[in-house]
Amino acid sequence: MYKALLVDDEPRILQGLLELIPWENFGIEIAGQAANGRVALDLLEQTKAQILITDIKMPEMDGLALIREAKSRFGFLKCVILSGFDDFALVKEAARIGIENYLLKPVEPDEMSHTLLEMTAKIDQEVHRQIQLRGDSVILRNNILNRWLTGQIGEADFRQRAELLQLAIDEKAYVVCLIHPLFAEAESPSNRNLLLYAAENLCTELLAVCCRAIVVCDSMDQIAVIVQDDLAALEPDVIHPYLQQCVDSIRQYLKSDVFVTVGSRIADCGLVSESYAQAQQLMEYRLIMPPATIVDIRDREERTDSDMGRSIPYNRLAQLIIDREKEQATAFIADTFETICRTMTVSPLQVQNIAIELLYHMLTVMSRLKLESASLFDSQDHLAVQLIRRKSVDELSRWLQILAVKTIDCIEAQESRESPLIKRVTVYIDEHYANNISLKTIAVSFNVNPAYLGQLFIKEKGDTFSNYLNAARIKRAAELLKTTEWDLSAIAEATGYVNQSYFSYLFKKTKGVYPTKFRLEHRTLN
């Protein structure tokens, strides 16, 4: 219902208006009455009434002065004058300052009723227009913020649009936090949307009082929180309590669990997408760690803080899985835990952290290849529960080895479902990696559009053509380093690299060590 304020210095007029009109039938509630303009202004401030019905001649502040002041403060206000003076000058002035009608006393019920109908219709239209404008503004705001988070807009363009949207982007550092609602499987899409909207509003209200944060729902149905401040104010011990408030409130009021990740601290507005990408990647931990956990990129860096933990080349396991090397992947896990057993200074918690990191890298591979990770696990229990149930290092090692094999099986099963074109292209790459080949030359050979082939390759393989080609070349280079005495320039040329320095750079990026060290380590193992 809309609220109306009645103003007249004669009590009998006020009482007559209350009895004359069935206000509720027009969707109007009388929010207050006043005997002069001064009191009426205070009541308008308190009640936020949308309709003002006032006399002209009153003590202290007359009706015209009241309307002028009220209009300057409350632009949305609709005003009607009731007057005993049929004075053209008064009518003209009233029309100039903006009123809906000028009614003479005694008021005719039909005339008042018609005026009220017209006013409420105008208010309805204005409300709908404001809702539409707010909706359009929210859509525009969310679109711009999501483009910022994903690096799809330049810094200069973003700052220009941020100024238009009245977003303050002027701090020295930023960090992106993601709050991922853990919906029940049976939850309907409409309920999920409502819960997400409620959670977003809850986080906005909570964070507004403790830090400078921009809150937006991203394209993955997660709540993205961009906190802005000095670097010192973005440390985990400062922002984690804020995020914990959001977690606790969502659990209390919405009865829903969430998982929270925090990316790196960025000192450049144009690099916020890096923090977002890291927070997004950390979401893989939600399959390993319990609900209501906050995983910070700093935690991940410090998770394996022992000397042995830092020395484990976790990316090596991921590459072995991508290369579908079952024996080497299981041997890597077995060797890792054998080393743990020989290290008396490693605590049980550190052992669990190392296991979590190994599992995380398996899940990251699954995610990159767009494979369903649920297919790995026979039990319905959360992975954190399954991990904790392992009673010994040997049992934990065997469990992870089984998961590594299952991961490779999933990759091979996906390959068996690949399109015939991609199968032929991958066979061609495996046979001609040493030649000067590219996406364009292969597209010509197979008589397809290069852009289409590139998109199909990403869809089927979960990676770009160039990355796949480099992986094939580096895999062959590793074999040559193990089995021949060729120098690095010869191996680089044999695997399709004209520049030896570039070959060494890519080898280090993929394998974690330079070719010379890789050869020495392999000889030592042999």
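Numbers here are sequence positions counted from 1. Hydrogens, waters and symmetry mates are skipped; everything else that's a heavy atom, side chains included, is used.
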Can you check whether T484's main-chain N or O pairs, donor with acceptor, with R519's side chain at less than 3.5 Å?
yes

Residues two or more places apart in sequence or in another chain: which of them pass side-chain contact (heavy atoms from CB on, under 4.5 Å) with N193?
none

Applying side-chain contact (heavy atoms from CB on, under 4.5 Å), name anything that partners Q328, two or more places apart in sequence or on another chain.
R316, L320, E325, K482

For the residue pair F503 and Y497, does the interplanar ring angle fall in the parallel (under 30°), tilted (30 to 60°) or perpendicular (over 60°) class?
tilted

Is it true that a side-chain atom of S504 and a backbone atom of Q500 form a donor plus acceptor pair closer than 3.5 Å?
yes

Would you say D237 has more than 12 foreign heavy atoms packed within less than 6.0 Å of its CG?
yes

Does a sphere of radius 6.0 Å around CG in N436 hold more than 12 heavy atoms from other residues, nucleotides or ligands, not counting ones at 6.0 Å or beyond?
no

Please check: side-chain N/O of D296 versus main-chain N/O of R298, any donor-acceptor pairing under 3.5 Å?
yes

Test: R398 and E395 ion pair at under 4.0 Å:
no

Go through the structure and list residues passing side-chain contact (heavy atoms from CB on, under 4.5 Å) with A494, not counting sequence neighbours.
L480, W486

Got a sec, which residues hit salt bridge (charged side-chain N to carboxylate O under 4.0 Å, His left out) with K326, two or more places apart in sequence or on another chain?
D409, E412

Take S489 and E493 through the test side-chain hydrogen bond (donor to acceptor under 3.5 Å, both in side chains) and record every step on the way to the result.
CA-CA 6 Å; S489 61; E493 184 178 351; over 6 Å; no

Polar side-chain atom of N499 near backbone of A492 as donor-acceptor pair, under 3.5 Å:
no

When the ring planes of F457 and F465 are compared, do they come out parallel, tilted or perpendicular, using 30° and 60° as the limits?
perpendicular

Residues passing the salt bridge (charged side-chain N to carboxylate O under 4.0 Å, His left out) test with E274, sequence neighbours excluded, are none

Within the 6.0 Å centroid threshold, strictly below: Y428 and F446:
yes

Answer yes or no: does atom CD of E155 have more than 12 heavy-atom neighbours from other residues, nucleotides or ligands under 6.0 Å?
yes

Does any N or O in the side chain of Q278 come within less than 3.5 Å of the main-chain N or O of S264, such that one atom is a donor and the other an acceptor?
yes

Residues in side-chain contact (heavy atoms from CB on, under 4.5 Å) contact with A277, at least two apart in sequence or another chain:
none

